[in-house]
2 protein chains.
Amino acid sequence: MAEQVETLRRTPLSRDRVLHAAVALADEAGIESLSMRKLAQELGVVPMALYKHVANKDELLDGMIDVVVGEIDPPVSDADWQPVVRRRILSAREALLRHPWAPIAIEARNQATPAILGYLNSMVGILRERGGFSTDLAHHVMHAMGSRMLGFSQELFDDSRRAGRSGPADPEPPAGFPPEAAAAFPHLAAIAGAAAHDDASVVGPGCDDQFEFEFALDLLLDGVERLRQQGWTST
Amino acid sequence: MAEQVETLRRTPLSRDRVLHAAVALADEAGIESLSMRKLAQELGVVPMALYKHVANKDELLDGMIDVVVGEIDPPVSDADWQPVVRRRILSAREALLRHPWAPIAIEARNQATPAILGYLNSMVGILRERGGFSTDLAHHVMHAMGSRMLGFSQELFDDSRRAGRSGPADPEPPAGFPPEAAAAFPHLAAIAGAAAHDDASVVGPGCDDQFEFEFALDLLLDGVERLRQQGWTST
DNA sequence: TTGACAGGTGTACGCCGTACACCTACCGTA
DNA sequence: TACGGTAGGTGTACGGCGTACACCTGTCAA
């Protein structure tokens with residue numbers, strides 16, 4: 001009878017419940033101590049039950065990332081590109097501060113999740129549509145602000161990370177920008193397309209990371225030099 | 001006899017040999033598949049032998065990070081601050097590209113290693129001595145360029161990361177800047193000291209992360225707006 | 001000659017992710 | 001009303017992980 005009560009009381013699992021419980025657990029105990037077993041215990045369930053809702057731990061982490069990205073406010077409506085971008089980035093920062101494990105988790109994955117691609121895509125859209133940026137400038141700006149936007153490395157997602165021994169058995173292409181995603185993220189596709197002009201592969205790295213890095217670095221250095229020349233001295 | 005030959009042939013372990021073997025293993029197989037056991041096997045030794053040279057896996061990772069940081073070229077001598085900083089950052093980028101696991105490893109640790117502190121300290125030194133930057137401006141610039149300098153998150157090392165359940169038993173202070181390190185990294189100490197003026201704790205977070213974030217963000221946004229107004233259109 | 005000590009070994013424990021077979025409660029259909 | 005499929009929770013088991021702890025062995029100073 002007690003068992004029956006317990007059974008009745010327990011809300012059934014769902015992907016959403018699993019994901020949110022995982023986020024809560026990572027928030028309070030740190031990502032490195034999040035395990036399938038502890039998560040299951042938290043949910044009052046046996047570890048293997050989780051696998052009916054997420055394929056494996058990596059997919060769980062992807063889902064957790066998407067929960068965090070989902071907390072970023074949508075763009076406000078405003079005439080100017082600058083305040084829109086600014087507010088959105090500050091909102092992203094707040095989400096990441098609420099979940100300090102998120103940048104690590106994001107950086108440790110080698111593929112952007114759809115939610116991240118959506119976020120980045122909408123950022124490009126703001127630049128293009130609200131600011132009238134050219135495709136190329138929008139591209140460079142995305143590289144320059146990448147670390148502000150998501151709190152992590154400038155080499156957003158390249159395939160050289162995680163050099164695996166998967167070796168020659170890997171059947172899929174480098175997949176810098178899979179064609180099926182182009183429809184969902186048109187702005188990103190435009191950027192990738194423009195950058196791939198002077199380069200054999202249509203997908204794949206497709207942009208000159210070294211150039212992008214130096215572009216962003218020089219933008220920063222020039223800004224700093226301007227401050228310095230203004231005799232900038234105090235807070 | 002064969003055993004004797006093998007014994008003679010084997011160079012004895014050393015912390016350095018362990019560290020470099022670990023770096024090589026992470027370079028080719030990825031950080032996520034680096035284990036004490038595999039590393040031991042690579043060195044022709046039993047796993048526990050490693051523990052005579054590194055305290056545990058975390059310390060191994062710290063040592064690996066220091067190996068990478070040690071590959072960054074020292075500052076060149078040049079009259080101007082800008083090319084010195086530029087070249088050093090590009091050198092750091094090269095080191096990180098050689099070891100793509102490094103940013104992840106660095107970001108996953110919550111305390112900067114001495115080698116990283118030394119690198120950052122010398123960067124501040126360049127700004128102060130070669131560029132005549134005020135302490136405050138140098139401070140802001142370090143925040144603004146943090147992600148370029150080390151390829152990772154802007155919140156360099158704050159204690160809110162990795163919210164552990166270590167709880168109230170933790171005897172040491174927040175340790176934003178431990179006093180014994182001040183002597184070794186005078187420029188960093190100066191920055192931390194200046195920032196702590198309007199704030200009760202002398203050590204500890206000691207700087208307004210939100211302000212720094214917005215400062216860097218606005219520097220970037222202003223630079224971008226300037227490009228846009230110049231009608232910047234193509235690569 | 002001895003005895004301390006640096007450094008490599010072997011065993012064992014508890015935790016991890018997850019494959020696989022199983023059970024059970026529910027629901028649409030006959 | 002009976003039944004078969006299916007969604008979802010269970011139990012067991014395996015191989016890999018980090019590392020505590022006791023042990024052995026070769027070297028070298030006294």
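Just so you know, these numbers use all the heavy atoms, side chains as well, and skip hydrogens, waters and symmetry mates. Quick note on labels: first sequence line is chain A, next is B, and so on, each numbered from 1.
Residue A/E32 contributes atom CD, which lies 15 Å from atom C1' of D/dG18 at whole-angstrom precision. Summarising the geometry, the separation between CD on B/Q41 and C1' on D/dG16 is reported as 13 Å, rounded to the nearest angstrom. Spacing between atom CZ of A/R17 and atom C1' of D/dG9 amounts to 13 Å, rounded to whole angstrom units.
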Every protein N/O within reach of nucleotides 24-28 of chain D N/O, cut-off under 3.5 Å:
none

**Message:** Between A/L13 and A/K52, is the side chain to side chain contact (heavy atoms under 4.5 Å, CB included) condition met? List the steps.
**Reply:** CA-CA 9 Å; A/L13 241 44; A/K52 293 284 152 94; over 6 Å; no
**Message:** Using side chain to side chain contact (heavy atoms under 4.5 Å, CB included), reason through A/F211 and A/H140 one step at a time and then give a plain yes or no.
**Reply:** CA-CA 9 Å; A/F211 174 84; A/H140 301 326; 3.4 Å; yes
**Prompt:** Could you walk me through whether B/L39 and B/L60 pass the side chain to side chain contact (heavy atoms under 4.5 Å, CB included) check?
**Reply:** CA-CA 11 Å; B/L39 176 56; B/L60 174 75; 3.9 Å; yes
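Among B/M123, B/H187, B/E212, the single residue meeting the side chain to side chain contact (heavy atoms under 4.5 Å, CB included) criterion with B/M142 is B/M123. Of the candidates A/R37, A/R15, A/M36, A/L50 forms a side chain to side chain contact (heavy atoms under 4.5 Å, CB included) with just one, namely A/M36.
No more than 12 heavy atoms of other residues, nucleotides or ligands shown are found within 6.0 angstrom of CD on B/Q41.
Residue A/H53 places none of its side-chain N or O atoms closer than 4.0 Å to OP1 or OP2 of D/dA7.
How far CG of A/L117 is from OG1 of A/T113: 6.5 Å, rounded to the nearest 0.5 Å.
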**Request:** Can you check each nucleotide of nucleotides 11-21 of chain C against protein heavy atoms at under 4.0 Å and return B for base, S for sugar-phosphate only, - for none, in 5' to 3' order?
**Result:** -B---BBBBB-
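Applying the side-chain contact (heavy atoms from CB on, under 4.5 Å) rule to B/D73 yields the partners B/S91; only residues at least two apart in sequence or on another chain are considered.
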